[in-house]
Amino acid sequence: MQATAEIQAAGSPRRFQKHQMLKDKQVKDLIVDKRRLVEVPYTATLADTINTLMANKVVAVPVAAPPGHWIGAGGSMILEADKQTGAVRKHYIGMVTMLDILAHIAGNGCGDDDDDAHLTKKMMVPISSIIGHCLESLSLWTLSPNTSIVDCMEVFSKGIHRAMVPVNGRSENVVGVELTESASCYRMLTQMDLLRFLNDQQELKAIMSHKVSDKQLQAITDTVFGVTNKAKVIDVIKCMRTASLNAVPIVESSNEITEDHTQLVNGKKKKIVGTFSATDLRGCPVSKMQPLLNLEVLDFLKMLSNTGMRSSWREQVTCHPESSLGEVVEKVVSDNVHRVWVVDEQGLLEGVVSLTDMIRVIRLWYLTEFLQ
């Protein structure tokens with residue numbers, strides 16, 4: 001009652017009603033059209049997993065094992081059980097992303113001239129052995145179908161990219177990592193799913209009209225590390241693994257001789273000419289991957305487009321500091337990207353707005369607007 005009184009004091013009954021419209025929405029409203037979870041068994045090879053990612057057009061898959069196999073995420077108790085009997089059939093031991101796979105491929109010894117056989121050997125390792133190459137794969141997050149959208153926004157605003165949602169699960173309104181959960185099946189909910197939903201909410205129009213450069217929003221991350229256009233693919237992957245980055249801007253080299261093209265560079269005020277993402281190798285056949293690792297990163301991206309292994313060569317998705325948050329959200333939703341680079345009038349990098357930034361900004365505005 002007290003919370004209701006505070007909200008009504010802050011505005012009209014109509015405003016409160018709008019608040020309720022979003023507040024009353026739950027995670028289950030976001031997974032209505034989601035397909036059954038795509039997963040791989042812990043015995044699947046790396047090559048099998050890449051094929052699964054390609055076939056299903058996903059960038060991450062949970063790894064399933066028989067009950068009692070305490071590997072990968074260790075104490076995870078996210079279980080799949082028989083709907084009728086409740087008997088546990090398997091549990092999920094971790095999440096493998098494209099960045100985990102690339103980090104393994106680009107590890108010591110891969111990328112040298114005599115490494116064809118070595119790459120083939122790497123492709124045959126069980127996928128369970130590479131869980132944890134990157135930090136994200138060590139944690140499995142679940143969200144109850146009854147979790148409110150506002151609570152879901154809180155989870156995804158902290159940099160969690162995806163969470164498993166149990167269907168016909170036993171837990172109630174719980175949110176957390178490595179929960180004890182048993183369900184007959186799951187769905188995967190991502191930051192992009194949430195942002196697509198928020199983009200359609202009329203009550204968020206006010207925040208969507210704000211400029212991303214608004215200092216109160218703090219939507220722009222102004223520290224941006226990238227790679228030069230002279231960097232080789234294998235070095236880019238190693239840099240991404242070290243810094244736990246899923247994507248990096250490609251910037252024009254300012255001095256080909258003195259710059260270290262094997263390391264990340266400060267991208268601020270540099271000309272952006274492209275983006276390299278962990279998903280870019282997803283469409284590359286394993287048999288052709290070896291020679292590509294030593295290509296310069298822009299040549300690699302253009303080659304993928306020319307040979308049909310990437311849908312098309314596309315310009316990097318950018319915005320200006322004066323762009324509205326709504327324009328930026330629309331760009332990520334329509335172009336299906338996970339970040340928008342902020343550039344000045346000359347195309348020089350000013351910063352980046354990620355899905356995490358967008359969700360965080362929208363959530364904080366929403367809570368301030370209706371709960372003050």
Side-chain angles (χ1 to χ4, degrees), residues 27-28 30-65 72-73 76 78-80 89-105 122-131 133-134 136-137 139-143 145 156 160-167 183-197 237 246-247 276-289 292 304-305 307-312 314 332-338 355:
V27 163
K28 61 187 174 186
L30 273 62
I31 63 169
V32 173
D33 298 321
K34 296 286 288 184
R35 62 185 174 185
R36 187 183 175 95
L37 186 70
V38 177
E39 63 184 56
V40 293
Y42 77 110
T43 53
T45 65
L46 188 59
D48 293 334
T49 303
I50 293 176
N51 290 335
T52 298
L53 293 171
M54 290 175 60
N56 292 280
K57 297 181 179 180
V58 294
V59 298
V61 286
V63 180
S76 167
I78 302 176
L79 313 173
E80 181 173 293
R89 296 183 295 203
K90 57 189 168 187
H91 78 265
Y92 296 95
I93 59 175
M95 185 82 66
V96 170
T97 70
M98 220 28 232
L99 188 55
D100 289 302
I101 293 171
L102 296 190
H104 175 77
I105 292 171
K122 283 193 171 189
M123 288 297 170
M124 296 310 295
V125 302
I127 196 63
S128 58
S129 68
I130 71 166
I131 293 175
H133 271 16
C134 300
E136 183 180 2
S137 60
S139 295
L140 289 172
W141 280 82
T142 63
L143 288 167
F156 285 151
I160 304 302
H161 295 152
R162 54 188 62 83
M164 296 167 62
V165 180
V167 180
S184 57
C185 59
Y186 291 83
R187 301 291 184 266
M188 185 67 76
L189 186 69
T190 67
Q191 284 182 320
M192 183 64 80
D193 295 324
L194 175 61
L195 206 59
R196 289 184 189 279
F197 171 82
I237 295 170
N246 287 300
F276 183 86
S277 168
T279 61
D280 284 320
L281 269 172
R282 185 181 63 191
C284 181
V286 172
S287 60
K288 296 184 179 181
M289 199 172 290
L292 300 183
L304 286 187
S305 298
T307 56
M309 289 183 279
R310 194 174 190 237
S311 56
S312 64
R314 62 183 181 186
V332 301
V333 169
S334 59
D335 290 301
N336 196 36
V337 294
H338 292 80
L355 298 192

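Listed by chain and number, the residues in a side chain to side chain donor-acceptor pair (under 3.5 Å) with His338 amount to none (sequence neighbours excluded). In this view, Thr49 satisfies the side chain to side chain donor-acceptor pair (under 3.5 Å) rule with no residue, not counting sequence neighbours. Taking Lys28 as the reference, nothing meets the salt bridge (charged side-chain N to carboxylate O under 4.0 Å, His left out) condition, with sequence neighbours excluded. Legend: residues meeting side chain to side chain donor-acceptor pair (under 3.5 Å) with Thr45, ordered by chain and number and at least two apart, are Asp48. Remark: Asp193 engages Lys34, Thr190 in a side chain to side chain donor-acceptor pair (under 3.5 Å) (not counting sequence neighbours). Looking at residues two or more places apart in sequence or on another chain, you find a side chain to side chain contact (heavy atoms under 4.5 Å, CB included) between Val333 and Arg196, Asn199, Val329. Qualifying side chain to side chain contact (heavy atoms under 4.5 Å, CB included) partners for Leu30, counting only residues two or more places apart in sequence or in other chains: Ile149, Leu189, Leu194, Phe197.
Within the 4.5 Å cutoff, the side chain of Met188 has no heavy atoms near those of the Val165 side chain. Two residues are said to be in side-chain contact when any heavy atoms from C-beta on lie closer than 4.5 Å; Val96 and Val40 fail this criterion. Between His104 and Ile127, the closest side-chain pair of non-hydrogen atoms is not below 4.5 Å. No side-chain heavy atom of Trp141 sits less than 4.5 Å from a side-chain heavy atom of Met164. Leu37 places a side-chain heavy atom less than 4.5 Å from the side chain of Pro62. Side-chain contact check for Arg187 versus Arg35: every heavy-atom pair is 4.5 Å or farther apart. Between Phe156 and Leu143, the closest side-chain pair of non-hydrogen atoms falls below 4.5 Å.
A distance of 5.5 Å separates CG in Leu99 from CG in Asn246, rounded to the nearest 0.5 Å. Atom OG of residue Ser128 and atom CG of residue Leu46 lie 11.0 Å apart, to the nearest 0.5 angstrom. Phe276 contributes atom CZ, which lies 5.0 Å from atom CD1 of Ile237 (distance to the nearest 0.5 angstrom).
In terms of heavy atoms, Gly94 sits closest to Ile131 at CA-CD1, 4.2 Å. In terms of heavy-atom proximity, Val63 sits nearest to Tyr42 at CG1-CA, 3.5 Å. Summarising the geometry of Thr97 relative to Ala60, their closest heavy-atom pair is CG2-CB, 3.9 Å, with the distance given to 0.1 Å. For Arg162 against Val59, the heavy-atom pair with the smallest separation is NH2-CG2, 3.4 Å. Across all non-hydrogen atoms, the minimal contact from Leu355 to Val337 is CD2-O, 4.0 Å. Across Lys90 and Ala64, no two heavy atoms sit closer than the pair CD-CB, 3.9 Å.
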For this session: Decide side chain to side chain contact (heavy atoms under 4.5 Å, CB included) for Leu53 and Val61; before the verdict, give the C-alpha distance in whole Å, the side-chain angles of both, and the deciding distance to 0.1 Å.
Result: CA-CA 8 Å; Leu53 293 171; Val61 286; 3.9 Å; yes
For this session: Check the pair Met123, Ile50 against side chain to side chain contact (heavy atoms under 4.5 Å, CB included), reporting the backbone distance first and the verdict last.
Result: CA-CA 9 Å; Met123 288 297 170; Ile50 293 176; 4.0 Å; yes
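A distance-only check finds a donor-acceptor pair linking the side chain of Asn56 to the backbone of Thr52 [under 3.5 Å].
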